[in-house]
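For reference, the structure is listed below as structure tokens.
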Amino acid sequence: MNLKFDVLSEKIISVTEYNNMLLLFDTGASTPVWCYGVNSFIKKFPYAKKMNYKFLLTGFGRSEAELINFLKKPDASEFQNYFADVYSIPEFVLTAKEEQVIWKNLNVAVTNRAFSGVHMILSYTMFGGMKLSFNQACTNPEIIIESSKAIRYTYVKLNNNFSGSILQYIYSQDGQEQSLTKAMDIF
């Protein structure tokens with residue numbers, strides 16, 4: 001599979017418009033994040049199922065010191081600003097021309113924390129076993145996804161050191177057998 005998406009010319013980051021959504025391909029993200037709230041997420045992905053764990057939101061303009069301070073002294077009124085509900089999308093599909101890649105059971109953190117005007121942040125961990133590139137050497141920059149398989153299976157790693165109910169990251173594999181690769185064990 002070889003999918004190509006044009007990068008929006010007004011953005012200086014790898015953002016594309018796809019299926020009435022602005023998608024950011026983020027090499028620093030460990031979990032996909034929906035940034036437009038639960039109601040719009042459920043409208044876009046009506047078959048998504050709410051999971052029984054949360055995702056700790058790092059980044060989003062927050063300093064490391066702020067995050068550490070919150071974790072040392074959690075404030076219930078700030079909980080929703082630091083933790084997001086997680087939903088599993090049964091099939092998340094990206095299509096370009098006649099080619100497509102389908103992620104089975106893609107876990108997505110759902111929040112109202114806006115980020116660069118995008119609807120959804122696609123994490124680098126979604127593209128395990130694939131080649132993801134950002135071609136700026138052409139007139140119209142493009143994002144290219146190369147995958148040997150049309151179907152990818154996604155799994156989660158919960159943070160057992162902190163809490164078994166906190167999603168640490170997602171990862172993608174070719175097959176249905178769930179096994180962490182050595183590359184993912186670095187987290």
Side-chain angles (χ1 to χ4, degrees), residues 1 3 14 18-19 21 23-60 62 64 67-68 70-71 74 79-94 100-113 115 118-132 143 145 147-187:
M1 308 292 116
L3 287 73
S14 52
Y18 177 80
N19 196 18
M21 296 180 289
L23 303 176
L24 167 64
F25 290 77
D26 190 344
T27 58
S30 63
T31 297
V33 178
W34 179 264
C35 303
Y36 268 72
V38 69
N39 291 336
S40 64
F41 177 82
I42 290 171
K43 187 176 181 181
K44 191 70 174 170
F45 304 102
Y47 299 107
K49 178 181 139 192
K50 187 175 180 182
M51 305 308 289
N52 61 353
Y53 40 83
K54 304 252 185 216
F55 181 67
L56 176 60
L57 293 166
T58 59
F60 290 90
R62 183 181 297 121
E64 184 178 346
L67 181 61
I68 291 170
F70 172 78
L71 292 173
F79 187 83
Q80 75 279 359
N81 291 323
Y82 286 89
F83 288 95
D85 289 330
V86 177
Y87 287 78
S88 179
I89 302 171
E91 288 191 350
F92 180 79
V93 181
L94 288 179
Q100 70 178 8
V101 176
I102 300 169
W103 284 265
K104 298 280 190 174
N105 301 314
L106 180 67
N107 276 239
V108 177
V110 178
T111 182
N112 276 322
R113 290 196 62 102
F115 185 78
V118 301
H119 293 94
M120 189 169 177
I121 298 169
L122 303 181
S123 65
Y124 81 99
T125 55
M126 287 177 61
F127 302 96
M130 296 181 255
K131 182 177 179 184
L132 175 65
I143 297 162
I145 302 169
S147 178
S148 61
K149 305 278 184 178
I151 297 178
R152 310 297 298 190
Y153 297 91
T154 55
Y155 302 96
V156 299
K157 169 71 171 106
L158 297 180
N159 187 332
N160 295 324
N161 294 330
F162 180 61
S163 167
S165 62
I166 302 295
L167 174 63
Q168 187 169 350
Y169 59 86
I170 65 113
Y171 60 101
S172 172
Q173 296 183 167
D174 287 346
Q176 287 184 288
E177 284 187 30
Q178 186 177 359
S179 65
L180 284 173
T181 62
K182 288 189 186 294
M184 296 311 295
D185 284 337
I186 63 172
F187 287 96

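Computed over heavy atoms, backbone and side chain alike; hydrogens, waters and symmetry mates excluded.
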Give me the atom names and distance for the closest heavy-atom approach of [X] to [Y].
{"X": "Ser30", "Y": "Gln168", "result": "OG-O, 3.4 Å"}
{"X": "Tyr124", "Y": "Thr27", "result": "CD2-O, 3.2 Å"}
{"X": "Tyr18", "Y": "Leu94", "result": "OH-CA, 3.4 Å"}
{"X": "Phe83", "Y": "Ile166", "result": "CE2-CD1, 3.4 Å"}
{"X": "Gly37", "Y": "Ser40", "result": "O-OG, 3.2 Å"}
{"X": "Met126", "Y": "Ser172", "result": "O-CB, 3.2 Å"}

Measure the spacing between [atom1] of [X] and [atom2] of [Y] and express it to the nearest 0.5 Å.
{"X": "Ile143", "Y": "Leu122", "atom1": "CD1", "atom2": "CG", "value": "8.5 Å"}
{"X": "Asn107", "Y": "Ser123", "atom1": "CG", "atom2": "OG", "value": "10.5 Å"}
{"X": "Ile42", "Y": "Tyr47", "atom1": "CD1", "atom2": "OH", "value": "13.5 Å"}
{"X": "Ile121", "Y": "Leu24", "atom1": "CD1", "atom2": "CG", "value": "5.5 Å"}
{"X": "Gln173", "Y": "Arg152", "atom1": "CD", "atom2": "CZ", "value": "8.5 Å"}
{"X": "Phe41", "Y": "Asp85", "atom1": "CZ", "atom2": "CG", "value": "10.5 Å"}

Exercise for the section: Examine distances only and state if a side-chain atom of Ser147 and a backbone atom of Met130 form a donor-acceptor pair shorter than 3.5 Å. Expected result: no

Exercise for the section: Measure from the side-chain N and O atoms of Asn105 to the backbone N and O of Thr154, and report whether any donor-acceptor pair falls under 3.5 Å. Expected result: no

Practice task
Check whether any side-chain heavy atom of Asp26 sits under 4.5 Å from a side-chain heavy atom of Val33, and report yes or no.
Solution key: no

Practice task
Go through the steps for Val108 and Phe92 under the test side chain to side chain contact (heavy atoms under 4.5 Å, CB included), then give the verdict.
Solution key: CA-CA 10 Å; Val108 177; Phe92 180 79; over 6 Å; no

Exercise for the section: Can you label the angle between the Trp34 ring and the His119 ring as parallel, tilted or perpendicular, going by 30° and 60°? Expected result: tilted

Exercise for the section: Assess the pair Tyr87 and Phe45: is the distance between their ring centroids shorter than 6.0 Å? Expected result: no

Exercise for the section: Sort out for me which residue in Leu167, Val86, Thr31 forms a side-chain contact (heavy atoms from CB on, under 4.5 Å) with Val156. Expected result: Leu167

Practice task
Count the heavy atoms belonging to other residues, nucleotides or ligands that lie under 6.0 Å from CG of Asn19, then report whether that count exceeds 12.
Solution key: yes

Problem - Within 6.0 angstrom of Lys44 NZ, more than 12 heavy atoms from elsewhere - result: yes

